[in-house]
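Owing to the predicted nature of the structure, the values given are computational and were not obtained by experimental measurement.
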Amino acid sequence: MFGERVSLLFADIGNLLSKYGKVYLSGIWNTLLLAVVATLIGCLIGFVCGILQTIPCSKNDGILKRFFLGLISVIVRIYVELFRGTPMILQAVFIYYGVPYFSGGQIQFTNIWTVAIIVVSINTGAYMAESVRGGILSIDPGQTEAAKAIGMNHFQTMTSVILPQALRNIMPQIGNNFIINVKDTSVMFIIGFTEFFAAHKMAAGATFKYFPSATVEMVGYLCMTLLASFLLRRVEKMMDGSDSYELVNGDQLVMTAGTYNHPLKGSPFDEHSIEYTPENAAEGKR
């Protein structure tokens with residue numbers, strides 16, 4: 001009995017793919033493209049918000065600087081809490097239908113891609129803002145002090161010292177957000193965006209084969225996320241660099257213990273020689 005149902009499932013999947021294969025592939029392409037573009041834009045938003053939240057401010061600074069930094073901090077906090085605390089599907093509805101509603105129909109979105117990218121990007125940016133802030137704070141404060149000691153300003157310190165290290169620390173979170181976006185783009189069907197889940201609803205509605213179509217969706221999303229995980233792990237390994245820490249002995253400036261041989265054998269500089277004595281030094285000159 002079970003084997004017959006499995007055979008029937010594969011037969012139904014085959015029929016769906018033969019009729020709606022191009023629709024599924026188009027949905028996969030739209031899903032991946034939206035996830036990639038929105039994740040990149042969201043990361044930029046997150047980096048800007050994270051950096052703004054970590055600008056140093058003390059009581060010795062001017063009142064104008066403290067006011068603007070405080071205002072920026074409040075705005076960023078409201079943005080983060082608003083978009084992290086509400087579902088993406090309602091954010092899409094609010095932006096797509098709310099903007100024309102409050103503008104009396106004066107402002108309308110004619111390109112559904114624009115709305116989808118805006119919604120997913122600002123949602124990703126809200127999550128990335130906290131990840132970036134945490135990544136920056138995870139760097140040893142002594143490195144910031146050292147950068148200041150050699151004359152670097154805050155911008156130079158962030159771009160040359162802090163952010164390169166913070167980027168490696170938050171790289172797993174960037175990958176995690178990308179995988180979440182691959183799946184969460186499914187809510188964009190609510191505004192008519194034809195991604196992978198919308199393709200499933202179209203095929204299931206036309207054939208009434210909901211479970212076989214859902215199986216295709218499940219396998220498709222799993223393949224996309226597994227591929228994304230594999231590629232992101234490869235990127236992380238590339239950022240880690242080589243595992244070889246062998247010393248470069250050919251460099252004349254290298255004077256590591258046990259690798260430097262002074263021309264005058266028997267001198268204190270030759271750490272492989274016996275203890276230095278005047279007799280040994282005289283013998284080395286012969």
[X] versus [Y]: any side-chain heavy-atom pair under 4.5 Å?
{"X": "M158", "Y": "I136", "result": "yes"}
{"X": "V36", "Y": "L33", "result": "no"}
{"X": "F67", "Y": "I72", "result": "no"}
{"X": "F197", "Y": "Y221", "result": "yes"}
{"X": "C49", "Y": "I45", "result": "yes"}
{"X": "E81", "Y": "R77", "result": "yes"}
{"X": "F196", "Y": "M224", "result": "yes"}
{"X": "N15", "Y": "F10", "result": "no"}

When rounded to the nearest 0.5 angstrom, what distance separates [atom1] in [X] from [atom2] in [Y]?
{"X": "M88", "Y": "I180", "atom1": "CE", "atom2": "CD1", "result": "9.0 Å"}
{"X": "T86", "Y": "L82", "atom1": "OG1", "atom2": "CG", "result": "5.0 Å"}
{"X": "I170", "Y": "Q173", "atom1": "CD1", "atom2": "CD", "result": "8.5 Å"}
{"X": "I51", "Y": "I162", "atom1": "CD1", "atom2": "CD1", "result": "11.0 Å"}
{"X": "R168", "Y": "L163", "atom1": "CZ", "atom2": "CG", "result": "15.5 Å"}
{"X": "I122", "Y": "Q91", "atom1": "CD1", "atom2": "CD", "result": "6.0 Å"}

List the steps, then state whether side chain to side chain contact (heavy atoms under 4.5 Å, CB included) holds for I139 with N169.
-> CA-CA 9 Å; I139 306 302; N169 292 342; 3.5 Å; yes
Taking every non-hydrogen atom, the tightest pair across G42 and M128 =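 That would be O-CB, 4.0 Å.
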Of the non-hydrogen atoms in K183 and S186, which two are nearest, and what is the gap between them?
->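 Scanning both residues completely, I find the closest heavy atoms to be O-OG, 2.8 Å.
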Apply side chain to side chain contact (heavy atoms under 4.5 Å, CB included) to the pair L9 and F211, showing each step before the final yes or no.
-> CA-CA 9 Å; L9 174 62; F211 181 72; 3.9 Å; yes
Does the ring centre of Y97 sit less than 6.0 Å away from the ring centre of Y101?
->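 That pair fails the under 6.0 Å test.
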Tell me whether [X] shares a hydrophobic cluster with [Y], the cluster being built from Ile, Leu, Val, Met, Phe, Trp, Tyr side chains joined at under 4.5 Å.
{"X": "L90", "Y": "I95", "answer": "yes"}
{"X": "V235", "Y": "I174", "answer": "yes"}
{"X": "V219", "Y": "V182", "answer": "no"}
{"X": "W113", "Y": "I190", "answer": "yes"}
{"X": "V80", "Y": "V120", "answer": "yes"}

Should we say atom CZ of R84 is surrounded by more than 12 heavy atoms from elsewhere, each under 6.0 Å from it?
->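 Atom CZ in R84 is crowded, with more than 12 foreign heavy atoms closer than 6.0 Å.
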Decide if atom CD1 of I63 counts as having more than 12 heavy atoms of other residues, nucleotides or ligands within a radius under 6.0 Å.
->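 Not more than 12 within 6.0 Å, no.
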For [Y], is there any backbone N or O sitting under 3.5 Å from a side-chain donor or acceptor partner on [X]?
{"X": "N153", "Y": "Q156", "answer": "yes"}
{"X": "T194", "Y": "A198", "answer": "no"}
{"X": "S138", "Y": "G135", "answer": "yes"}
{"X": "T54", "Y": "G50", "answer": "yes"}
{"X": "S73", "Y": "L69", "answer": "no"}

Charged N-O contact under 4.0 Å between E130 and R133 =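 Judged by the 4.0 Å cut-off on N to carboxylate O distance, E130 and R133 do form a salt bridge.
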Taking salt bridge (charged side-chain N to carboxylate O under 4.0 Å, His left out) as the test, write out the residues that go with D184, two or more places apart.
->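 Listed in chain order: nothing, the list is empty.
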With sequence neighbours left out, write down each residue that passes salt bridge (charged side-chain N to carboxylate O under 4.0 Å, His left out) with K201, or none if nothing qualifies.
->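 Salt bridge (charged side-chain N to carboxylate O under 4.0 Å, His left out) check on K201 returns nothing, list empty.
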Derivation and outcome, side chain to side chain contact (heavy atoms under 4.5 Å, CB included), residues I191 and F109 | CA-CA 11 Å; I191 59 174; F109 293 102; over 6 Å; no
Any side-chain donor paired with an acceptor under 3.5 Å for E195 and T185?
->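 No, no side-chain donor-acceptor pair sits under 3.5 Å.
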Residues F193, F189; criterion ring pair (Phe, Tyr, Trp, His ring centres under 6.0 Å); working and verdict | CA-CA 5 Å; F193 184 78; F189 81 92; over 10 Å; no
side-chain hydrogen bond (donor to acceptor under 3.5 Å, both in side chains) contacts in which one or both residues fall within residues 20-42, not counting sequence neighbours |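 For residues 20-42: Y24-S213, T39-N181.
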